[in-house]
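In this chain, numbering begins with 1 at the start of the sequence shown.
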Amino acid sequence: MSVSVRERALVPLSMYTREYYRSPLNLVLLVVIPVILILSFGSALTRFSGLLDQVLAPEVGNALGAVWSAAFLTGIMGFYMMFGAREADRRLVRSGYSTLSVVMLRLATVALLGLLAAGASYVVLITRITPDSYLITFAALYLASLIYGVIGILIGSLITGELEGSFALLFFFIMDAFIGSPLFGASSQAFTILPTYYPSQIVTSMASGEGHSPINWLYATLYLGAAGSLAIVAFYRTTRVR
């Protein structure tokens with residue numbers, strides 16, 4: 001890649017990342033969300049399982065909290081980045097960037113920020129459990145964050161209202177995290193279509209010391225590919241200058 005082309009890519013990429021860390025709330029959420037969902041909610045979920053006559057080990061509750069933390073943080077990043085970027089991205093297109101390059105740079109930014117969200121959740125998680133494989137655990141968390149990152153972009157591309165889009169993302173996340181959790185969805189195959197189902201299977205297996213099926217990686221990757229393709233198409237249609 002020539003210097004000029006590389007610089008053209010780095011300028012908007014650095015601009016996109018600065019949009020994130022310039023907001024103190026984003027940095028606060030990066031610390032607070034993993035603590036709440038892993039340390040607090042993970043143990044609460046374990047205690048709640050007793051009311052439903054189910055056994056959910058504390059390690060599994062913590063692992064689920066980590067998956068939800070990484071996914072939710074990246075989904076919010078993707079949505080609000082998309083929601084607040086329409087005019088800025090169109091100006092980039094008018095200045096000479098191709099629509100596809102702007103879309104791919106946004107996706108690359110969400111992937112970088114998703115790495116940050118997965119890392120924050122991972123650090124909190126390993127203070128509570130010792131997984132069978134640290135690398136596999138982190139990779140599954142990052143995969144969950146990527147899936148929700150493109151879902152956030154998809155929702156932000158399709159729903160123009162900030163309040164409506166926020167509620168849509170929150171409702172989708174609640175359906176995924178709670179209804180699709182082992183407490184409610186273990187006996188139903190319908191919940192396998194939820195975004196974090198397969199990453200959760202991997203992470204909870206690492207936390208409980210049980211072997212996981214490699215097919216979970218395939219299904220999760222296919223899910224990411226399908227959701228990512230829809231997000232690219234929706235984002236492209238929103239960003240292009242007519």
Side-chain angles (χ1 to χ4, degrees), residues 12-13 15-34 36-37 41 67-95 97-114 116-118 120-121 144-180 191 193-197 223-242:
L13 192 61
M15 179 182 70
Y16 296 155
T17 53
R18 283 198 301 269
E19 289 175 0
Y20 177 77
Y21 68 73
R22 278 178 176 173
S23 173
L25 179 60
N26 291 333
L27 301 179
V28 171
L29 290 177
L30 195 62
V31 176
V32 172
I33 294 298
I36 291 176
L37 289 182
F41 190 77
V67 173
W68 299 338
S69 169
F72 182 70
L73 281 170
T74 315
I76 288 293
M77 293 174 191
F79 171 74
Y80 281 105
M81 180 179 292
M82 181 61 224
F83 180 80
R86 289 187 178 91
E87 290 306 316
D89 288 341
R90 286 171 182 157
R91 285 195 295 270
L92 282 174
V93 173
R94 292 189 184 99
S95 70
Y97 285 86
S98 69
T99 304
L100 184 60
S101 66
V102 171
V103 170
M104 298 312 293
L105 285 169
R106 280 288 181 186
L107 289 173
T109 305
V110 171
L112 288 173
L113 295 177
L116 189 62
S121 302
S145 73
L146 289 177
I147 291 173
Y148 256 88
V150 296
I151 288 174
I153 290 176
L154 179 61
I155 292 175
S157 301
L158 297 177
I159 302 178
T160 57
E162 182 176 7
L163 181 62
E164 294 87 345
S166 300
F167 276 124
L169 180 61
L170 183 60
F171 176 77
F172 196 78
F173 174 75
I174 291 174
M175 287 290 293
D176 184 10
F178 295 92
I179 306 301
F191 295 113
I193 64 172
L194 294 172
T196 61
Y197 178 84
Y223 201 109
L224 174 61
S229 298
L230 292 174
I232 289 173
V233 172
F235 195 0
Y236 184 92
R237 291 172 61 87
T238 301
T239 305
R240 65 179 177 177
V241 177
R242 296 175 177 83

When S157 is tested against each of F79, Y236, F235 for side-chain contact (heavy atoms from CB on, under 4.5 Å), which residue passes? F235
Value rounded to 0.5 Å, distance of CG in L112 from OG1 in T74: 11.5 Å
With rounding to the nearest 0.5 Å, note down the distance linking CZ in R237 to CG in L158. 9.5 Å
Sequence-distant partners of Y223, ring pair (Phe, Tyr, Trp, His ring centres under 6.0 Å), two or more places apart: none
In a table with atom names and distances, give each donor-acceptor pair under 3.5 Å that connects a side chain of residues 144-152 to protein atoms at least two apart or in another chain.
| from | atom 1 | to | atom 2 | distance (Å) |
| --- | --- | --- | --- | --- |
| S145 | OG | G114 | O | 3.4 |
| S145 | OG | Y142 | O | 2.6 |
| Y148 | OH | D176 | OD2 | 2.9 |

Kindly write out the residues that satisfy side chain to side chain contact (heavy atoms under 4.5 Å, CB included) with L170, not counting sequence neighbours, or none if the list is empty. F72, I174
Please tell me whether S166 and Y80 have a donor and an acceptor in their side chains that are separated by less than 3.5 angstrom. yes
Can you see which heavy atom on L30 is nearest to which on M77, and at what distance? CD1-CE, 4.4 Å
The side chain to side chain contact (heavy atoms under 4.5 Å, CB included) partners of L29 (sequence neighbours excluded) come to L25, I33, L73
Beyond-backbone contact of Y197 with I193, side-chain heavy atoms, under 4.5 angstrom: no
CD1 (I155) and CZ (F173) are apart, to the nearest 0.5 Å, by 12.0 Å
What pairs with S101 under side-chain hydrogen bond (donor to acceptor under 3.5 Å, both in side chains), at least two apart in sequence or on another chain? S98
Measuring from I232:CD1 to L107:CG, what's the distance to the nearest 0.5 Å? 5.0 Å
According to side chain to side chain contact (heavy atoms under 4.5 Å, CB included), who are the partners of V32, at least two apart in sequence or on a separate chain? V28, I36
Using the side-chain hydrogen bond (donor to acceptor under 3.5 Å, both in side chains) criterion, which residues pair with S121? Sequence neighbours excluded. S69
